[in-house]
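Have a look at the structure below, then the notes.
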Amino acid sequence: MCITVNGIRYFQWNAIAIPNDKREVVEIQQVGRDITEQQAALHDRQLTEAAYAKVKRNFALFPKIPTQ
């Protein structure tokens with residue numbers, strides 16, 4: 001999570017070490033991508049699943065009506 005001029009953003013980073021001929025790390029390259037929208041979608045999904053579970057629990061409290 002980073003605070004940017006556009007507000008709070010979530011980033012995912014991947015890093016790789018670049019070795020020389022002696023297998024010593026001489027450089028680290030990183031690539032980052034903004035995953036703010038994916039985080040928001042995940043949060044929304046979790047809220048929806050929690051609401052569905054609550055409705056399902058509450059619905060189970062009603063007596064079952066026999067069918068013919």
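None of the values given here were measured: they were computed from a predicted structure.
- In I18, the CD1 atom is crowded: over 12 heavy atoms of neighbouring residues, nucleotides or ligands sit closer than 6.0 Å.
- The ring-ring contact (aromatic ring centres under 6.0 Å, His included) contacts involving residues 1-30 comprise nothing, where partners must be two or more places apart or lie in separate chains.
- Nearest heavy-atom pair, P19 versus V26, reported as atom, atom and distance to 0.1 Å: C-CG2, 4.1 Å.
- E37 is linked by a side-chain hydrogen bond (donor to acceptor under 3.5 Å, both in side chains) to nothing, counting only residues two or more places apart in sequence or in another chain.
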Do any side-chain atoms of residues 53-60 form donor-acceptor pairs under 3.5 angstrom with protein atoms, and if so which ones, sequence neighbours left out?
residue: N58; atom: ND2; partner: K54; partner atom: O; Å: 3.4

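- Going from atom CD1 of I35 over to atom CE of M1 covers 12.0 Å, rounded to the nearest 0.5 Å.
- Around atom CG of L47, more than 12 heavy atoms belonging to other residues, nucleotides or ligands sit under 6.0 Å away.
- Scanning for side-chain hydrogen bond (donor to acceptor under 3.5 Å, both in side chains) contacts around E27 gives Q29, with sequence neighbours left out.
- Applying the side-chain hydrogen bond (donor to acceptor under 3.5 Å, both in side chains) test to R23 and every residue at least two apart in sequence or in another chain returns nothing.
- Side-chain N/O atoms of D34 and T36 include a donor and acceptor closer than 3.5 Å.
- With sequence neighbours left out, the side-chain hydrogen bond (donor to acceptor under 3.5 Å, both in side chains) criterion links Q12 to R33.
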